[in-house]
Number of protein chains: 2
Amino acid sequence: MGIIRKTQSVAVLLKEFENKPNAISAIELIKRLSSKINKTTVYRVLDKLEDDGVLHSFLDNSGIKWYAKCNGCSKTGHIDMHPHFQCLSCGKVDCLSVEVKIPPIPNRKIEVSQVLIQGRCESCNV
Amino acid sequence: MGIIRKTQSVAVLLKEFENKPNAISAIELIKRLSSKINKTTVYRVLDKLEDDGVLHSFLDNSGIKWYAKCNGCSKTGHIDMHPHFQCLSCGKVDCLSVEVKIPPIPNRKIEVSQVLIQGRCESCNV
DNA sequence: ATATTAATGCAACTGAGTTGCAAATATAGC
DNA sequence: GCTATATTTGCAACTCAGTTGCATTAATAT
Ligand SMILES: [Zn+2]
Ligand SMILES: [Zn+2]
Ligand SMILES: [Zn+2]
Ligand SMILES: [Zn+2]
């Protein structure tokens with residue numbers, strides 16, 4: 001179930017994603033907001049924002065959860081599928097707007113796919 | 001560091017992967033072998049077999065670790081890159097031999113990529 | 001202003017994976 | 001084979017991201 005009331009916590013969390021293109025890990029958000037919001041609430045609000053099609057989430061290579069803004073998604077469903085990029089040098093993670101084509105697999109029905117690309121970002125690739 | 005001594009635990013674990021094409025989760029192995037091998041040992045042996053290029057590992061969508069046999073890899077490095085498929089109906093996970101082309105990303109240097117495809121497997125896709 | 005119900009904080013929990021260390025066991029040298 | 005040496009193992013205790021139950025707080029509707 002998504003967000004029903006416009007609370008402080010929701011506002012604070014949304015602000016963290018405002019005007020920032022990067023993904024942010026749940027852990028980072030908990031650290032950043034520790035004086036304002038309890039970690040349980042952070043997890044719960046993120047979860048609801050995902051239900052509402054405001055944010056989407058994915059796991060990185062070490063199994064930790066990242067969140068980023070959606071583009072054109074809604075309560076009805078997440079339609080904005082794309083790969084994610086993690087810089088192995090500075091740790092920054094972001095959404096890529098390129099399309100990764102998944103070839104058809106014989107006898108199998110593909111429903112979703114996750115692509116995590118790792119390497120060096122613009123700033124670290126010198 | 002890889003495997004130095006051919007111990008019972010190594011033999012038992014290798015046997016689990018013998019003649020079975022599927023990936024197996026670390027948790028499943030721990031459960032299966034609980035009467036024979038301690039879970040710490042399972043994790044340690046799997047880790048060493050990965051170092052040796054005998055097995056490779058990846059995380060699924062819920063952050064749990066899976067292992068599968070390598071094809072042509074060695075201590076020197078893992079060269080056998082491929083996507084993995086998880087059946088959303090029966091939970092089975094396996095390696096796919098198709099190639100997923102990652103397009104070049106401007107200003108970024110791609111080093112590795114992980115692709116997890118989810119859907120319905122041969123047996124469940126009826 | 002009050003009632004209703006959702007959201008929050010807190011503490012305790014879960015569960016996959018890790019660490020330190022003493023005991024067991026594989027290997028090499030004799 | 002026996003012994004010395006170093007690796008591997010089991011165990012218990014730990015870590016850490018994420019979850020749960022429940023009493024309290026706060027947003028919304030009337
Ligand atoms: Zn970087
Ligand atoms: Zn994204
Ligand atoms: Zn299946
Ligand atoms: Zn594989």
Side-chain angles (χ1 to χ4, degrees), chain A residues 1-17 23-68 75 84 86 91 93 114 116, chain B residues 1-17 23-68 75 84 86 91 93 114 116:
Chain A
M1 208 223 319
I3 290 198
I4 292 173
R5 295 180 182 180
K6 287 183 182 157
T7 63
Q8 290 283 327
S9 310
V10 172
V12 169
L13 267 163
L14 282 176
K15 205 166 185 181
E16 289 298 316
F17 288 92
I24 316 175
S25 72
I27 294 169
E28 169 64 21
L29 286 166
I30 288 161
K31 219 178 288 169
R32 263 190 223 172
L33 305 174
S34 61
S35 62
K36 292 181 202 151
I37 317 180
N38 178 274
K39 81 167 176 173
T40 308
T41 304
V42 172
Y43 281 116
R44 288 196 274 225
V45 172
L46 289 172
D47 200 47
K48 288 180 179 183
L49 288 170
E50 188 167 20
D51 275 359
D52 284 344
V54 176
L55 299 177
H56 61 282
S57 73
F58 52 95
L59 298 185
D60 73 8
N61 228 15
S62 58
I64 75 155
K65 211 166 188 178
W66 292 75
Y67 284 87
K75 293 182 216 304
H84 293 99
Q86 181 164 41
V93 173
Q114 280 98 162
L116 179 69
Chain B
M1 209 226 316
I3 291 201
I4 293 174
R5 294 183 182 178
K6 289 183 180 157
T7 62
Q8 290 282 328
S9 311
V10 172
V12 169
L13 268 163
L14 282 176
K15 204 164 186 182
E16 290 297 316
F17 287 93
I24 315 175
S25 72
I27 294 170
E28 169 65 20
L29 286 166
I30 289 162
K31 218 177 290 169
R32 261 190 225 173
L33 305 174
S34 61
S35 62
K36 292 181 202 151
I37 317 179
N38 177 274
K39 79 166 175 173
T40 309
T41 305
V42 173
Y43 281 117
R44 289 195 274 226
V45 172
L46 289 172
D47 200 47
K48 288 180 179 183
L49 287 170
E50 188 167 20
D51 275 0
D52 284 344
V54 176
L55 299 178
H56 62 283
S57 73
F58 53 94
L59 298 185
D60 73 7
N61 228 14
S62 57
I64 75 155
K65 210 166 189 178
W66 292 76
Y67 283 87
K75 291 180 218 304
H84 293 98
Q86 183 164 39
V93 174
Q114 278 99 160
L116 179 69

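Only this structure's heavy atoms are used, side chains among them; waters, hydrogens and symmetry mates stay out. Every chain is numbered from 1, with letters handed out A, B, ... down the list of sequences.
- Contact annotation: the side chain of A:Lys65 never approaches that of A:Leu46 to less than 4.5 Å [non-hydrogen atoms, C-beta and beyond].
- Rounding to whole angstrom units, CG of residue A:Asn61 and P of C:dG17 are separated by 14 Å.
- Side-chain contact between B:Leu33 and B:Val12 is present, with at least one heavy-atom pair separated by less than 4.5 Å.
- Of the two residues contacting DNA chain C, namely B:Ile4 and B:Lys39, the nearest-nucleotide position lying further toward the 5' end is that of B:Lys39.
- Within the structure, a side-chain polar atom (N or O) of A:Lys48 is placed less than 4.0 Å from OP1 or OP2 of C:dA7.
- Contact of the B:Thr7 side chain with the B:Val45 side chain is not registered, since no non-hydrogen atoms from C-beta on lie closer than 4.5 Å.
- Separating the CZ atom of B:Arg5 from the P atom of C:dA24 is a distance of 16 Å, rounded to the nearest angstrom.
- At whole-Å resolution of the value, CG in A:Asp51 and P in C:dA7 are 11 Å apart.
- Counting heavy atoms from C-beta outward, B:Val10 and B:Lys48 have side chains that stay 4.5 Å or more apart.
- Nucleic acid contact class of A:Thr40 (heavy atoms, under 4.0 Å, all strands): base.
- You can see that DNA chain D meets the heavy atoms of chain B within a 4.0 Å-exclusive cut from D:dA6 to D:dA12, reading 5' to 3'.
- Atom C1' of nucleotide C:dG17 and atom CH2 of B:Trp66 are separated by 16 Å, given to the nearest angstrom.
- Rounding to whole angstrom units, CG of residue A:Asn38 and C1' of C:dG9 are separated by 5 Å.
- Looking at B:Glu16, its side chain never comes within 3.5 Å of a backbone N or O of B:Leu29 through a donor-acceptor pair.
- A:Phe58 places a side-chain heavy atom less than 4.5 Å from the side chain of A:Val93.
- In this entry the distance linking CZ of B:Arg44 with P of C:dC21 reads 13 Å, nearest Å.
- In this structure, B:Ile3 places its CD1 atom 18 Å from P of C:dT25, rounding to the nearest Å.
- Per the geometry, CG belonging to A:Leu13 stands 11 Å off P belonging to C:dG9, to the nearest Å.
- Closest heavy-atom contact between B:Ser25 and B:Ile64: CB-CD1, 3.9 Å.
- Within 4.0 Å (heavy atoms only), B:Ile37 reaches sugar-phosphate atoms of the nucleic acid but no base atom.
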